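Take a look at the structure set out below.
In this text, all values refer to a predicted model and were calculated from it rather than measured experimentally. All values below were derived from every heavy atom in this structure, side-chain atoms included, with hydrogens, water molecules and symmetry-related copies excluded.
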Amino acid sequence: MKREDFAILKERVHGRELVYLDNAATSQKPQAVIDAISEAYTHWNSNIHRGVHHLSQVATSKHEEARQKVADFIGAKSSDEIIFTKGTTDSLNALAFSFGEAFIGEGDEIIVSGLEHHSNIVPWQMLCERKKAVLRHIPLREDLSLDIEAFKGFLSARTKLVSVAHVSNVLGTIQPIEEIIRLAHAQGVPVCIDGAQSVPHMQVNVQALDCDFLAFSGHKMYGPTGIGVLYGKREWLEKLPPHEGGGEMINHVRWSGTTYNELPYKFEAGTPNFVGSYALSKAIDYIQALGWEAIEAHERELTEYCEAQLSAIEGVHIYAEHQPKAGVISFNIFTNHQSPITTHQSLLHPFDIGTLLDQQGVAVRTGHHCAEPLIDSLGVPGTVRVSFGLYNDKADIDAFIAALKKAIMMLS
């Protein structure tokens, strides 16, 4: 799928052709996105919204057109429901502060899941510490799927918010988000979706899902770093106080007090990343030109092919094997060690595997993937994670498998 659009894939690492399989951490950028950044700084760089001169008006127009493009991309009712942030983590922190200030009190409960990235755990922990509230997490079944029956039991009059990942950044598994939203809404509880790993890999429509909030990052969907989105239903955003103060988010400032701007600017203090929003709009154009049907089919084929190749290697343990995934596979390698007395299994450390793969030009991610509670529940120090983007192909997987077999041979 248009590998030639991604110049970095021609780079060589340790004298080898680069095989980039770390897309869940960050994706590479097509030339159209890189060119957009250069265009902005070359031709119309100027602070937006407050200038009457030509450059400012052009920059403002590009920024607001990007906001509308994002709204259309995720199926929002209005661009007023799109708040630009630095990324998913920033979005979730902003929501935790604003929602917490407005709606969380002592003894109230927030529900997350046992699969979450730290960015969907720590902001809620901090909120609960401030407000003396309680953070609960949906436990995992033996197959690493969410225990929805336990979730049903958690929902009560004390529940104020549910915030869950659409796709696990460790396992790649797609969560039953529609059912979670339906169950929560039946109790009058709003739902936030961490879409960091879903928005780049599948079509997400916030109105169809009926989620109340959605957070995602530009850099994981072929856009630039430093730009992200917090979507919120208008009826919720209007109730929430701003999480930051400064320029742009105000209506009037007096010594007697300040009144706040209208949506979405109430939540966008200071000079926004208008270059990032413009480049993000070009990433959206790129995705839409390829089409979701083709992207999803391509990445599904790669994931199934890679999982089949991995499962054929002795000692490889794939987590949540055979479950529907969105471009991510986590695994570990166990080898049998024999002595005159006993035979036992030994884990080949993920860091060692990752280092030997890197020396062969293959980029993967190892460790706890900012999801320590999940990794702790697996009883391992970390995993090896491979993750795919639209530019990967079966040749990448073949090269990875060959490099992995060599690494296993060296470590065993």
Side-chain angles (χ1 to χ4, degrees), residues 83 85-140 146-166 168-169 175-177 179-196 206 209-216 228 230-245 260 266-267 269 368 370-377:
I83 300 163
T85 65
K86 297 193 295 288
T88 305
T89 298
D90 191 39
S91 295
L92 292 168
N93 274 274
L95 179 62
F97 183 87
S98 293
F99 192 91
E101 289 299 295
F103 294 107
I104 302 298
E106 184 173 350
D108 287 338
E109 295 183 355
I110 298 163
I111 299 175
V112 296
S113 86
L115 294 165
E116 301 305 322
H117 188 282
H118 295 163
S119 61
N120 201 29
I121 298 175
V122 180
W124 305 115
Q125 287 179 326
M126 294 168 70
L127 168 60
C128 288
E129 289 174 4
R130 290 197 309 270
K131 296 287 188 171
K132 297 182 179 179
V134 178
L135 183 64
R136 309 190 71 174
H137 68 272
I138 307 168
L140 305 180
L146 293 183
D147 189 338
I148 297 300
E149 290 303 313
F151 172 61
K152 292 178 183 178
F154 287 172
L155 290 166
S156 72
R158 295 186 300 275
T159 310
K160 300 303 180 184
L161 182 74
V162 174
S163 187
V164 293
H166 196 170
S168 167
N169 77 300
Q175 307 312 313
I177 200 71
E179 184 178 10
I180 290 171
I181 292 170
R182 178 179 60 79
L183 291 169
H185 282 182
Q187 301 292 326
V189 178
V191 177
C192 172
I193 297 175
D194 175 351
V206 293
L209 289 173
D210 196 28
C211 61
D212 302 280
F213 303 98
L214 170 72
F216 61 96
L230 174 63
Y231 156 82
K233 287 181 178 177
R234 172 183 283 275
E235 54 264 37
W236 278 112
L237 294 180
E238 288 179 339
K239 297 174 186 176
L240 299 183
H243 63 293
E244 293 181 317
Y260 303 134
K266 178 175 74 170
F267 298 101
H368 57 61
C370 292
E372 282 192 273
L374 171 57
I375 294 298
D376 287 346
S377 73

Review point. Can a cation-pi geometry be assigned to Lys239 and Trp236, taking NZ or CZ under 6.0 Å from the six-membered ring centre and within 45° of the ring axis?
Key: yes

Study note, to complete from the structure: Which of Leu209, Ile148, Ile193 passes side chain to side chain contact (heavy atoms under 4.5 Å, CB included) with Ile180? Answer is Ile148

Point to revise | Nearest heavy atoms of Cys192 and Leu95, plus distance in Å | key: SG-CD2, 3.7 Å

Review point. Leu240 versus Phe99: any side-chain heavy-atom pair under 4.5 Å?
Key: yes

Check your understanding: In this structure, are over 12 heavy atoms from other groups packed under 6.0 Å from Arg130 atom CZ?
Key -> yes

Check your understanding: How about Val134 and Cys128: do any of their side-chain heavy atoms sit closer than 4.5 Å?
Key -> no

Between side-chain atoms of residues 181-191 and protein atoms elsewhere (two or more places apart, or another chain), which donor-acceptor pairs fall under 3.5 Å?
residue	atom	partner	partner atom	Å
His185	ND1	Asp210	OD2	3.2
His185	NE2	Asp212	OD2	2.7

Review point. Checking ring-ring contact (aromatic ring centres under 6.0 Å, His included) for the pair His118/His368: CA distance, chi angles, key distance, verdict?
Key: CA-CA 10 Å; His118 295 163; His368 57 61; 5.6 Å; yes

Review point. Does the side chain of Leu135 reach to within under 4.5 Å of the side chain of Leu127, using non-hydrogen atoms?
Key: no

Practice item. Measure the shortest side-chain to side-chain distance between His137 and Pro373 over non-hydrogen atoms and say whether it is less than 4.5 angstrom. Key: no

Check your understanding: Side chains of Leu115 and Val164: closer than 4.5 Å at any heavy-atom pair?
Key -> no

Exercise for review: Please report the C-alpha distance between Tyr231 and Ser91 in whole Å, then the side-chain angles of each, then the deciding distance to 0.1 Å, and finally whether the side-chain contact (heavy atoms from CB on, under 4.5 Å) criterion is met.
Suggested key: CA-CA 9 Å; Tyr231 156 82; Ser91 295; over 6 Å; no

Point to revise | Donor-acceptor side-chain pairing of Glu116 and Ser113 below 3.5 angstrom | key: yes

Exercise for review: Check side-chain hydrogen bond (donor to acceptor under 3.5 Å, both in side chains) between Glu129 and all other residues, then give those that pass, not counting sequence neighbours.
Suggested key: none

Review point. Are more than 12 heavy atoms from other residues, nucleotides or ligands located less than 6.0 Å from atom NZ of Lys86?
Key: no

Point to revise | Asp108: salt bridge (Lys or Arg N to Asp or Glu O under 4.0 Å) partners, not counting sequence neighbours | key: none

